[in-house]
Amino acid sequence: MSWQLADVILNSRFLIGSSIYPSPYIMSQAIKASSAEVVTVSLRRQSPEYKGGDEFWQHIERLNCHVLPNTAGCYSAKDAINTANMARELFATNWIKLEVLGDEYNLQPDPFALLEATKELISQGFQVFPYATDDLVLAERLVAAGCKIVMPWGAPIGTGRGLMNPYALKTLRARLPDTILIVDAGIGAPSHAASVMEMGFDGVLLNTAVAEASDPSLMASAFRDAIIAGRAGFEAGIMQQRDLAKPSTPVLGTPFWHQTLPIREGR
Amino acid sequence: MLTILFNGEHYQVKSAALKYVLIELDAPALCAVAVNGQFVPKAEHENVMLRDQDTLDAFTPMQGG
């Protein structure tokens with residue numbers, strides 16, 4: 001079923017990264033297998049050996065996906081704002097995945113700088129996709145600043161640890177029912193992505209789990225199917241858990257209904 | 001002649017206007033430019049004049065997560 005992300009209508013709820021694949025060809029094949037319609041990209045200072053990023057960019061253009069540039073590697077609001085402006089010109093989009101990191105060890109977003117940069121970029125006409133922690137108050141502040149989309153982490157970037165704090169994610173979903181919420185980072189297995197979608201999140205953004213798989217295309221298709229299944233489960237309405245067992249087969253009229261249950265000693 | 005630090009290496013250029021410096025340095029067509037660390041939109045390339053020892057960086061697309 002289609003859904004709206006910012007100003008576009010999408011069929012897939014899978015957003016995928018373009019980094020750390022063994023080759024641009026394998027990247028292209030994996031992205032095709034994912035059925036993702038949004039691909040994250042970045043920008044770096046030109047180097048002679050990289051030939052200005054031509055080959056990579058040609059592969060991305062052929063995929064005909066929406067491009068979501070990031071501000072990866074920025075540790076201050078000023079650098080992130082500067083990078084976002086360069087990305088807007090380079091990729092001809094006002095979308096920006098805003099990353100402002102605060103800690104080198106776990107690459108945790110700096111909530112204060114993130115909010116500062118978000119406010120400035122929204123005033124400049126950007127559609128900001130803020131990469132955030134799962135902190136509720138931060139998410140609320142980002143929404144109050146004008147964000148239509150918030151992207152909390154499942155776990156630190158590249159760890160593949162899955163959902164470190166399901167309670168916090170469920171709380172975000174419950175408290176921000178009208179905000180597009182996409183879990184970004186930390187997803188390691190298709191089951192993690194399915195869990196996110198079963199919680200009612202709008203999408204999943206990941207990179208490493210696909211790019212570092214032995215077979216990236218197969219893993220991309222596994223995530224694609226997990227995201228579809230998780231979303232379908234959410235929309236269908238997942239049953240409430242119970243403490244007591246309840247027979248799924250009706251007991252009335254069974255051949256031996258009149259028999260009494262054996263009583264075990266010690267009961 | 002101006003000496004410019006372009007993408008981390010020193011070059012001597014005849015022009016001062018950013019637009020023509022980029023042509024002299026064979027900068028890629030698809031790039032965003034920063035002078036002394038500050039982004040300069042393409043529409044301003046013709047008006048921005050570089051000074052000796054300025055830093056010029058060209059940013060191109062690359063993989064991102």
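Throughout, protein chains are lettered first and strands after them, A, B, ... in sequence-line order, and every chain is numbered starting at 1.
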When the 4.5 angstrom heavy-atom criterion is applied to A:Asn70 and chain B, the contacting part is side chain

According to the interplanar angle, ranging from 0 to 90°, do the rings of A:Trp95 and A:Phe129 count as parallel (below 30°), tilted (30 to 60°) or perpendicular (above 60°)? tilted

Which heavy atom of [X] sits nearest to which heavy atom of [Y], and what is that distance?
{"X": "A:His192", "Y": "A:Leu163", "answer": "O-CD1, 4.3 Å"}
{"X": "A:Gly186", "Y": "A:Thr159", "answer": "CA-OG1, 4.0 Å"}
{"X": "A:Pro216", "Y": "A:Ala213", "answer": "CD-O, 3.5 Å"}

Tell me if a side-chain donor or acceptor on A:Asp79 pairs with a main-chain N or O of A:Ser76 at a distance below 3.5 Å.
no

One should read off an interatomic distance between B:Asn7 CG and B:Thr55 OG1, to the nearest 0.5 angstrom, of 10.5 Å

Pair count under 4.5 Å, heavy atoms only, with chain A: among B:Ala29, B:Ala34, B:Ala27, B:Gly8, highest is B:Gly8

One option among B:Gly65, B:Ala32, B:Gly37 has the most heavy-atom pairs under 4.5 Å with chain A, and it is B:Gly65

- Got A:Ile81 and A:Lys78 here, is their nearest side-chain heavy-atom distance under 4.5 Å? no

Applying side-chain hydrogen bond (donor to acceptor under 3.5 Å, both in side chains) to A:Asp202 and not counting sequence neighbours gives A:Arg173

Chain B shares the most heavy-atom pairs under 4.5 Å, among A:Asn207, A:Leu206, A:Leu90, A:Ile60, with A:Leu90

Checking heavy-atom separations under 4.5 Å from chain B, one finds in residues 12-38 of chain A A:Gly17, A:Ser18, A:Ser19

